[in-house]
Amino acid sequence: MKKHLLQTSAIALGAAALLAVSAPAFSQAAAGPTDADLMNDEQTPGDVLTYGMGSRAQRFSPLTQLNSENVARLVPAFAASLGGEKQRGQEAQPIVYDGTIYVTGSYSRLFAFDARTGEEKWQYDARLPDGIVPCCDVVNRGAAIYGDKIIFGTLDARLVALNRLTGKVIWNKQIADYKEGYSFTAAPMIVKGKVITGNSGGEFGIIGRVEARDVNTGELIWSRPTIEGNMGTLNGKDSTITGKTNATWQGDQYKTGGGATWLGGTYDPDTNLIYMGTSNPSPWNSHMRPGDNLYTASTLAIDPDTGEIKWHFQTTPHDGWDFDGVNEFIPFDAMRNGKMMKLGAKADRNGYFFVLDRTNGKFLSATPFVSKITWADGFDKNGRPKYIPSNRPGAPDGANKGTSVFAAPSFLGGKNWMPMAYSQQTGLFYVPSNEWGMDIWNEPIAYKKGAAYLGAGFTIKPLYEDHIGVLRAVDPATGKIMWEYKNKAPLWGGVLTTAGNLVFTGTPEGFLKAFDAKTGKELWKFNTGSGVVGSPVTWTQDGEQYVAVMSGWGGAVPLWGGEVAKAVQHINQGGSLWVFKLPKS
């Protein structure tokens, strides 16, 4: 009996020792990504933990296993369907961690797929009310991962945290009132244990906001309105007013001023700043709201600890064309005038490519990245546009619409939501752009809660017969376009670039394509069966490099695209995750 007890004790001690050895690895995997892991995402190619493949969202991978010499051999590893009848625009970027791929789908759904087989692990469908009013399709652009949680936003303006292993709800918070026109389509961002979100609804006279919530509880920490005159909060109390009341807005117009933050932001650890773009002022009719209308159509640099705005740069003051300003601001370091500088770049909907000093927002340059711009003739040394007054749509005369003008770019922009990429190898930005213009006119409008607040009409038209979309490689030092690839349909998907001298992006015709990063030569393409309007990613797994992208046509173009929409109405909708790798042979 004593011998048996000793043997049992020895076995127990051996098992305990084994658990002690294996516990750190097990607990670390179970615990999930930390703040440090998220900030180091650029340097860990074995996973994709952030929207943009790094907090700076450069969408650059250091991987070279797949490169311009062998990419022609790339083949599908598997495809996983989102199923059902909810096959609308699939604009999401995958998150990849611990053998699982997480993707969001149209109609506020979140899926977990096995990263090796494509088998679905779980699915979460948000219960959306009947009264949601998304402006530009029922899309969602991605999730955020932290610890045991995967977090995403919904079309009825809620933020939901799920257990990443089971899909069970951990917390669910309302971030705005969908009945007022708010929604949420961006991928959340996590900085220092805070979930950073924006909001959608700029066409409904809402107030744009940037907010931070505790990642573990969802409780609000700070809120920063983007329109001058509105009060911010910090730790449950009023903090500071944004800007100065009535400085650039008349009367009570700041209470329905727009400035939605519908694309989310980037974060730079070097400056400890969040960079968030803001949308159009409301209404579109600029004659109803004299002034610059801060802080619409701007990039804001925000302290993640307090929510205070440290600097701003407005790309289209007194916007009268819905050029917006939400486009991503990407931090990068480069030589300028013989000095290494902390810079940031933004390809704006208004057709100009901006470079700023990201430490203080100082304007450095603005160069066209599309072929035709009619609203301004460049920018002065202070970063103010040189307007062409005759190209601002006219004021309404009583109940009659104002004078119509033909403006380029169209309000869908020289570049819309689809994120560009920056290569640390070539020093170039790869910008998905479109060549279109619009007839636009102003109309009388009055604000009504939850109703569209435009005061404008429009018809979008292509500028050229043979192409609309153009993928361009832009040198940020000079603004020079180094190469371009023309596509018949508009480009509406994100871009990925790698140290393997590759650039990936998708087309509405259904293709995921790979290009030589230095020359723009098309090297590979694969048709996914529906339009590709998502953002591709790459990572390593079991010693192999993978590429993944969502397929599913939709977004703003078929809804708002005028003559352009007619040209692409034959494209079938879909909903699939496609994953590719090189064949082992």
Side-chain angles (χ1 to χ4, degrees), residues 41-43 45 48 52-72 74 93 266 268 270 327-347 352-356 358 364-370 414-415 418-433 469-487 491 493-506 512-525 535-540 545 547 549:
D41 192 26
E42 289 184 10
Q43 308 302 321
V48 179
M53 299 176 61
S55 66
R56 298 185 296 174
Q58 292 183 351
R59 298 184 180 274
F60 171 79
S61 171
L63 294 174
T64 59
Q65 185 181 106
L66 181 64
N67 54 61
S68 55
E69 299 299 318
N70 62 19
V71 70
L74 197 63
Q93 178 215 285
T266 59
D268 175 32
D270 292 343
N327 299 61
E328 68 281 0
F329 182 81
I330 298 182
F332 71 108
D333 296 343
M335 295 293 294
R336 198 170 185 97
N337 299 324
K339 182 174 70 171
M340 182 63 71
M341 293 186 65
K342 296 183 185 303
L343 306 174
K346 176 181 184 178
Y352 286 94
F353 185 91
F354 293 87
V355 178
L356 309 178
R358 73 175 187 266
L364 298 176
S365 63
T367 51
F369 67 91
V370 292
K415 186 180 87 68
M418 51 281 192
M420 63 183 179
Y422 172 72
S423 172
Q424 298 174 18
Q425 183 183 61
T426 65
L428 302 177
F429 279 88
Y430 300 96
V431 182
S433 66
V470 187
L471 177 64
R472 291 183 163 105
V474 178
D475 184 344
T478 63
K480 183 178 178 182
I481 296 169
M482 306 306 291
W483 59 258
E484 61 182 31
Y485 160 80
K486 296 177 180 178
N487 194 72
L491 293 181
V495 181
L496 162 70
T497 185
T498 80
N501 190 36
L502 293 172
V503 175
F504 289 89
T505 197
L512 178 63
K513 294 191 174 188
F515 302 88
D516 186 298
K518 296 184 179 71
T519 67
K521 180 182 178 181
E522 184 179 313
L523 302 174
W524 171 87
K525 65 180 180 180
S535 297
V537 295
T538 189
W539 73 99
T540 55
Q545 184 176 351
V547 176
V549 73

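- Rounding to the nearest 0.5 Å places CG of L74 at 9.0 Å from CD of Q545.
- Considering only residues two or more places apart in sequence or on other chains, S61 meets the side-chain hydrogen bond (donor to acceptor under 3.5 Å, both in side chains) condition with none of them.
- Listed by chain and number, the residues in a ring-ring contact (aromatic ring centres under 6.0 Å, His included) with F354 are F313, F379 (sequence neighbours excluded).
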**Report entry** Verdict with supporting geometry, K521 and Y485, side-chain hydrogen bond (donor to acceptor under 3.5 Å, both in side chains)
**Finding:** CA-CA 8 Å; K521 180 182 178 181; Y485 160 80; over 6 Å; no
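- The neighbour count for E522 CD, taken as heavy atoms of other residues, nucleotides or ligands under 6.0 Å away, is above 12.
- No side-chain heavy atom of Q43 sits less than 4.5 Å from a side-chain heavy atom of P62.
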Query raised in the report: Passes side-chain contact (heavy atoms from CB on, under 4.5 Å), N501 versus D516? Steps please.
Result: CA-CA 6 Å; N501 190 36; D516 186 298; 3.0 Å; yes
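- Within the 4.5 Å cutoff, the side chain of T498 has no heavy atoms near those of the L63 side chain.
- Using a 4.5 Å heavy-atom cutoff, the side chains of N70 and Q65 are not in contact.
- A pairwise comparison of heavy atoms in G494 and P536 identifies O-CD, 3.4 Å as the closest pair.
- Within the 4.5 Å cutoff, the side chain of P368 has heavy atoms near those of the Y352 side chain.
- Not less than 6.0 angstrom separates the ring centroid of F60 from the ring centroid of Y422.
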**Report entry** Intermediate values then yes/no, side-chain contact (heavy atoms from CB on, under 4.5 Å), R59 and Q93
**Finding:** CA-CA 11 Å; R59 298 184 180 274; Q93 178 215 285; 2.9 Å; yes
**Report entry** Full working for side-chain contact (heavy atoms from CB on, under 4.5 Å) between T426 and Y430
**Finding:** CA-CA 10 Å; T426 65; Y430 300 96; 2.8 Å; yes
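- The backbone N or O of A347 lies less than 3.5 Å from a partner atom in the side chain of N327, making a donor-acceptor pair.
- Q58 has its side chain out of reach of F429: every pair of non-hydrogen atoms, C-beta onward, lies at least 4.5 Å apart.
- Contact check for M53 versus E42: no side-chain heavy atoms found under the 4.5 Å cut-off.
- Note that CH2 of W524 is 8.5 Å distant from CG of L66, once rounded to the nearest 0.5 Å.
- Here the straight-line distance linking atom OG of S535 with atom CE of M418 works out to 10.5 Å at 0.5 Å rounding.
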Under 3.5 Å donor-acceptor pairs involving side-chain atoms of residues 329-337, not counting sequence neighbours:
| unit_1 | atom_1 | unit_2 | atom_2 | d |
| --- | --- | --- | --- | --- |
| D333 | OD1 | R358 | NH1 | 2.9 |
| D333 | OD1 | R358 | NH2 | 3.0 |
| R336 | NH2 | S365 | OG | 3.4 |

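- Note that the CD atom of E69 and the OG1 atom of T64 stand 12.0 Å from one another [nearest 0.5 Å].
- Counting only heavy atoms from C-beta outward, the side chains of L496 and T538 approach each other to under 4.5 Å.
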Query raised in the report: Could you walk me through whether M420 and F353 pass the side-chain contact (heavy atoms from CB on, under 4.5 Å) check?
Result: CA-CA 11 Å; M420 63 183 179; F353 185 91; 4.1 Å; yes
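- Taking K518 as the reference, nothing meets the salt bridge (charged side-chain N to carboxylate O under 4.0 Å, His left out) condition, with sequence neighbours excluded.
- By the 4.5 Å heavy-atom criterion applied to side chains, L364 and L356 are not counted as neighbours.
- Legend: residues meeting ring-ring contact (aromatic ring centres under 6.0 Å, His included) with F504, ordered by chain and number and at least two apart, are absent.
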Side-chain donor-acceptor contacts of residues 471-481 below 3.5 Å, not counting sequence neighbours, with atom names and distances?
| unit_1 | atom_1 | unit_2 | atom_2 | d |
| --- | --- | --- | --- | --- |
| R472 | NE | F369 | O | 3.4 |
| R472 | NE | E484 | OE1 | 3.1 |
| R472 | NH1 | F369 | O | 3.0 |
| R472 | NH1 | S433 | OG | 2.8 |
| R472 | NH1 | E435 | OE2 | 3.1 |
| R472 | NH2 | E435 | OE2 | 2.7 |
| D475 | OD1 | A477 | N | 2.9 |
| T478 | OG1 | K480 | N | 3.1 |

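- Using a 4.0 Å cut-off between charged nitrogen and carboxylate oxygen, E328 and K346 do not count as a salt-bridge pair.
- To the nearest 0.5 Å, atom CH2 of residue W483 and atom OG1 of residue T519 are 7.5 Å apart.
- T497 pairs with exactly one of L502, V503, T505 by the side chain to side chain contact (heavy atoms under 4.5 Å, CB included) rule, that one being V503.
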